[in-house]
Amino acid sequence: MTADVVVRGGTVVEAGWSGPADVVIASGRVTALAAPGTAPAAATVIDATGRLVMPGGVDPHCHVGFTSGEFTSLDDYRQCTTAAVFGGTTTIVDFAIPRPGENPADVAYAQREKATQGLCDSALHACVVEWDETVPDQLAALVNDGISTVKMFTTYRGETMADEDTVLRTMTELARLGGMVVIHCEADHIVGDAQRRCAAADHIGAANMAATRPDLAETASVAEILAIAEAVEAPVYFVHQSTAEAVELVAAARRRGVRAYSETVAHHLILDDSAYNGTHPERYVCCPPLRSSAQVKALGRHLFTGEVTTIGSDHCCYDTAQKESRATDVRAMPNGLPGVETRLPVIFSEYVVRQNLPATRFVELTSTNPARTNGLYPRKGTLLPGADADIAIWNPTVEWQITSTALHMATDYTPYEGMRITGRPETVLVRGRVVVDQGDLQDPTPGGRHLKSGPVI
Ligand code: URP
Ligand code: ZN
Ligand code: ZN
């Protein structure tokens, strides 16, 4: 057995098990998990004594340079993936969202060209807004080209909202092709009504964000979409579920045999709606909004019980000036929070360290399951032989504090400013290349590849 790189002396953490092992790497792939001390000699030997050696994170929900309304988020592939690797994430899944008049396939094919600017690999979700007779052929081409997941929205009327018939037809067609709809669920009529009532009371600024998009809007929409998926026997993945009720609806459907999956995102698992009472409520404006602290606790409990499938970031890199410019009316604000770099540390610290979530479950939620739901497993999301050697070597006990100035995202703030964290990834490998070494950028060479999805789980 020959090796280019060996990661020696650490505890390997996979989704189903953890234990001491040396990771042997050749030509960018894991070739063996060797008993400690038995790995062959290698040009590069990384000492991981006292460290957790995990498959790099797979972020299933990441908006790069995302345009919505009059705003475009501020990063490109190089910036977003630089921040990602510092945060232990080595694969991102971005979205190709058509503007009015554009077609889904053209937008996705243009977006995938950007992958080579990345420091790590990336995949794509396409997006269908409106059904027409060209959509089946576009979907067939996309799935054939390895873009198997399609984002849909039940909100943002007049922009990206799709009607129920479009959702049903897209789901049906994609199921036939081996792909899957990934869907943002908030019933737009309930949101619209809440916004109208807030506006009438002159409560439509950022501080009122939670009231403008109530929990019920999400529950109602999830129920409707589950019914469609069940009727047409299609798989469906619910993005950024923010309430325990929504997750429970999906879990109940899964028990009936529906192939339905729940994604949560880090900010809904850590932050609550008290952020809207602070000095910068606009910085926390995202859809769905931050929920009550009781809801955050209830949602977090589902990480332990298995109801939740994945944890993403829903990274959207707007800065304070963009957020402030429309802060008096949430209907015109850019939605979304920067988070690709902080997703793993905040979840590790809060749930693994403070609440005793098993590290194996952390890997399952943040790496293995996102790889599976995006048709990237076992190339990504595992350190089993044959996988790409995307590795995050974590110091599980180091204590540090989040400050935006020390982060790498293309914005001037983080919603976690000042938060005390235990544990962080120190050294990160992408396909066997050391990209981050002890917290320093070792290799900024863009080497990202666009990943073709195989069949989703
Ligand atoms: O607030 C959010 N989530 N912004 C990004 C667009 C979306 O809905 O995912
Ligand atoms: Zn969304
Ligand atoms: Zn999103």
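Predicted model, so just to flag it, every value in this text is computed and none were measured. Both ligands and their constituent atoms are indexed starting at 1 by order of listing.
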Handout entry: Asp314 and ligand 1 - part of the residue with a heavy-atom distance under 4.0 Å
Key = side chain
Practice task
State whether the shortest distance between N or O atoms of Phe153 and N or O atoms of ligand 1 falls below 3.5 angstrom.
Solution key: no
Handout entry: the Zn ion (ligand 3) to nearest N/O/S of His184 less than 2.8 Å
Key = no
Problem - Side-chain donor or acceptor of Glu113 paired with backbone N/O of Ala110 under 3.5 Å - result: no
Handout entry: Closest non-hydrogen atom pair, Pro55 against Val13
Key = CD-O, 3.1 Å
Exercise for the section: Kindly give the atom name of the N, O or S atom of Asp314 closest to the Zn ion (ligand 3). Expected result: OD1
Handout entry: Ligand-side contact atoms (ligand 1) for residue partner His184, heavy atom cut-off under 4.0 Å
Key = 7 (C), 8 (O)
Completion exercise
Numbered in order shown, the ligand 1 atoms found under 4.0 Å of a heavy atom of His61 are 9 (O)
Completion exercise
Under 4.0 Å between heavy atoms, the region of Glu186 that gets near ligand 1 turns out to be neither
Problem - Ligand-side contact atoms (ligand 1) for residue partner His240, heavy atom cut-off under 4.0 Å - result: 8 (O), 9 (O)
Problem - Residue Gly336 vicinity, atoms of ligand 1 by number, heavy atom under 4.0 Å - result: 1 (O), 2 (C), 4 (N)
Handout entry: Aromatic ring pairing His184/His240, orientation class (parallel under 30°, perpendicular over 60°, tilted between)
Key = perpendicular
Handout entry: Ser367 side chain vs Gly56 backbone, donor-acceptor pair below 3.5 Å
Key = yes
Exercise for the section: Check whether any heavy atom of Phe95 sits under 4.0 Å from an atom of ligand 1. Expected result: no
Problem - Protein residue, atom and distance nearest to atom 4 (N) of ligand 1, heavy-atom basis - result: Asn335 O, 3.0 Å
Problem - Lys/Arg N to Asp/Glu carboxylate O, Glu102 vs Arg99, below 4.0 Å - result: no
Handout entry: Cys316 and ligand 1 - part of the residue with a heavy-atom distance under 4.0 Å
Key = side chain
Problem - Ligand-residue contact atoms, ligand 1 with Lys151, heavy atoms, under 4.0 Å - result: 9 (O)
Exercise for the section: May I ask you to check whether Thr67 and Thr72 show a side-chain donor-acceptor distance below 3.5 Å? Expected result: yes
Exercise for the section: Examine all N, O or S atoms of His61, backbone included, and report whether one is under 2.8 Å from the Zn ion (ligand 2). Expected result: no
Problem - Distance (rounded to the nearest 0.5 Å) between Asn208 CG and Asp273 CG - result: 11.5 Å
Practice task
Check the side chains of Asn277 and Ser274 for a donor-acceptor pair under 3.5 angstrom, ignoring hydrogens and angles.
Solution key: no
Practice task
Please find out if the Zn ion (ligand 2) and some N, O or S atom of Cys287 are separated by less than 2.8 Å.
Solution key: no
Problem - Lys/Arg cation over aromatic Trp400: Arg420, 6.0 Å, 45° cone - result: no
Handout entry: Face-on cation placement of Lys323 at Tyr318 ring, 6.0 Å and 45° thresholds
Key = no
Practice task
With the Zn ion (ligand 2) as the reference point, give the N/O/S atom of His240 that is nearest.
Solution key: NE2
Practice task
Please identify which atoms of ligand 1 are closer than 4.0 Å to at least one heavy atom of Cys286.
Solution key: 1 (O)
Completion exercise
among protein heavy atoms, the one nearest atom 9 (O) of ligand 1 is His63 NE2, 3.1 Å
Handout entry: Shortest protein contact, atom 1 (O) of ligand 1 (heavy atom only)
Key = Cys287 N, 2.8 Å
Problem - Main-chain N/O of Pro370 paired to Lys380 side chain as donor or acceptor, under 3.5 Å - result: no
Fill in the blank from the handout: Correct closest heavy-atom pair for Pro396 and Leu52 would be CB-CD1, 3.9 Å
